[in-house]
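Right, one structure below, let's go through it.
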Amino acid sequence: MQLQINSRASERNNELRVLIVAPTGCDGALLCSALERAGIQATDCTSCEAACLEMEKGAACILVAEEALSMTDIQRFAILIGSQPRWSDFPLIILTMAGEVTAQSQRRKMLRAPMVRALELERPIRPETLVSTVQNAIRARIRQYEVRNHVAKQREAEEALRRSEKLAVAGRLAASIAHEVNNPLEAIVNLVYLARTSSSLDVAKEFLGLAESELARVSAITNETLKFYRQPNKPSQLQVSLIFESLLVLYNQKIQAANITVETDFRKTDSIVAFGGELRQMFSNLLTNAIDASRGGRIVIRVRPGRDRDGLKGVRVVFADTGSGIPASMRRAIFEPFVSTKGMRGTGLGLWVTSEIVEKHGGNIRLRSSTAAHRHGTVFSVFLPAAAISEVSNAPAQPMVMEG
Ligand SMILES: Nc1ncnc2c1ncn2[C@@H]1O[C@H](COP(=O)(O)OP(=O)(O)O)[C@@H](O)[C@H]1O
Ligand SMILES: [Mg+2]
């Protein structure tokens, strides 16, 4: 760990230096001292190969003498430049040889074609021109670092949001579980009291038998809870309908308190390869959203084999409620973070995380909703491909909102 921190720190220190490859005579040393006189940190490299190794330790730009470039070096640079992260456009300056355009100079230029976007400076070059060109390249590089840092900060912030939504789901679930366990526990306390005060051994045994089945209920609830929290961090084969069965055990109390009827229609489907914990989090959010939007009414959950538009096989989950519906003005932004109508009770992150999880699994999510007086309600339809994770598509699937 210490080693990693040290290497990152030295990478940061190297970020503004210029690498120089001019191995003929003392060109390298002369260029270095010209730049250092202008306050620019420079490293004289003996070859392009050495410069490529230095580049990996961090650098702002590279200055290469044309004659130092072999075909292998050109390919080496082309590969390094082609594999840069998206924020990076590494500045490359080639010091060309003075003189007329000849067949040989043209050939050299053609060979350099893979090093796209290299800036060419013809020698002899005035020291002040060299310094200002290099300063410009460093300035361009600094702007790229700013973009990199901005992107990294944004990623960190998004990660923090994802974690806070996970915690919110855990908090809601904990409250529901406490209710869920409390009911059988109260029954057990009563049944044990009745057994203890009963004068007949047979009656006492009957009470204890009932207490035992209540204990089995508590044990089932804790098992489902453990499944929720003991998620392996890797994808596994799983049955989507089993996730719903455990979710319904855990949210039973909440569903009853809201006087909601849940209808399930789980057809036989192939298992899919997916991150179980993430699917639980996503379905848990769809279920609590439906409960929050309903007072009485129905929630219908369908799990069926399905195909997406490209014919890819997988599982389709349809999640319908007869709740208040989502107003048309809100539908377009519903998958964006912080869109919520629940004030302090909501995070507005649930559907954003849901759409990210679907995208990560190469699936898609569609929404249909109506607030009309006699047919209000919301339907989310989620498609997850069978090989959800091993064949995740690179193209992000945008959530689709249908007018309803
Ligand atoms: N099934 C639904 N019925 C009605 N409104 C819904 C439904 N699902 C989501 N919404 C609306 O979308 C908003 C965003 O949901 P979500 O991203 O899960 O955040 P949160 O639940 O924390 O508010 C909710 O506040 C609610 O207004
Ligand atoms: Mg929610």
Give me the one residue out of F319, F244, F380 that meets ring-ring contact (aromatic ring centres under 6.0 Å, His included) with F283. F244
Exam field: side chain [X] to backbone [Y], donor-acceptor pair closer than 3.5 Å:
X	Y	answer
R331	I326	yes
S176	L250	yes
T354	G350	yes
S219	L215	no
D73	S70	yes
R295	S324	no
R123	L95	yes
T378	S369	no

Does the side chain of [X] pick up a donor-acceptor pair with the side chain of [Y] at under 3.5 Å?
X	Y	answer
N136	T133	no
R316	S381	yes
T96	E120	no

Does the side chain of I272 reach to within under 4.5 Å of the side chain of L238, using non-hydrogen atoms? yes
Is any side-chain heavy atom of N285 closer than 4.5 Å to a side-chain heavy atom of M282? no
[atom1]/[X] to [atom2]/[Y] distance, rounded to the nearest 0.5 angstrom?
X	Y	atom1	atom2	answer
S213	L191	OG	CG	8.0 Å
H361	L384	NE2	CG	7.0 Å
L167	L349	CG	CG	11.0 Å

Start with the C-alpha distance between R304 and D265, add both sets of side-chain angles, then the distance that settles side-chain contact (heavy atoms from CB on, under 4.5 Å), and finish with yes or no. CA-CA 8 Å; R304 292 184 174 170; D265 176 7; 2.7 Å; yes
Please determine whether the number of non-hydrogen atoms from other residues, nucleotides or ligands lying under 6.0 Å from atom CD of E49 exceeds 12.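 Open.
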Which heavy atom of [X] sits nearest a heavy atom of [Y], and at what distance?
X	Y	result
P305	R267	CD-CB, 4.2 Å
Y145	A60	OH-CA, 3.9 Å
I260	G296	CG1-O, 3.7 Å

For R86, enumerate each residue passing the side-chain contact (heavy atoms from CB on, under 4.5 Å) test, keeping only those at least two apart in sequence or located in another chain. none
Who pairs with E212 by side-chain contact (heavy atoms from CB on, under 4.5 Å), at least two apart in sequence or on another chain? none
So, [X] and [Y], do they make that salt bridge, N to O below 4.0 Å?
X	Y	result
K57	E54	yes
E214	R217	yes
R155	E158	no

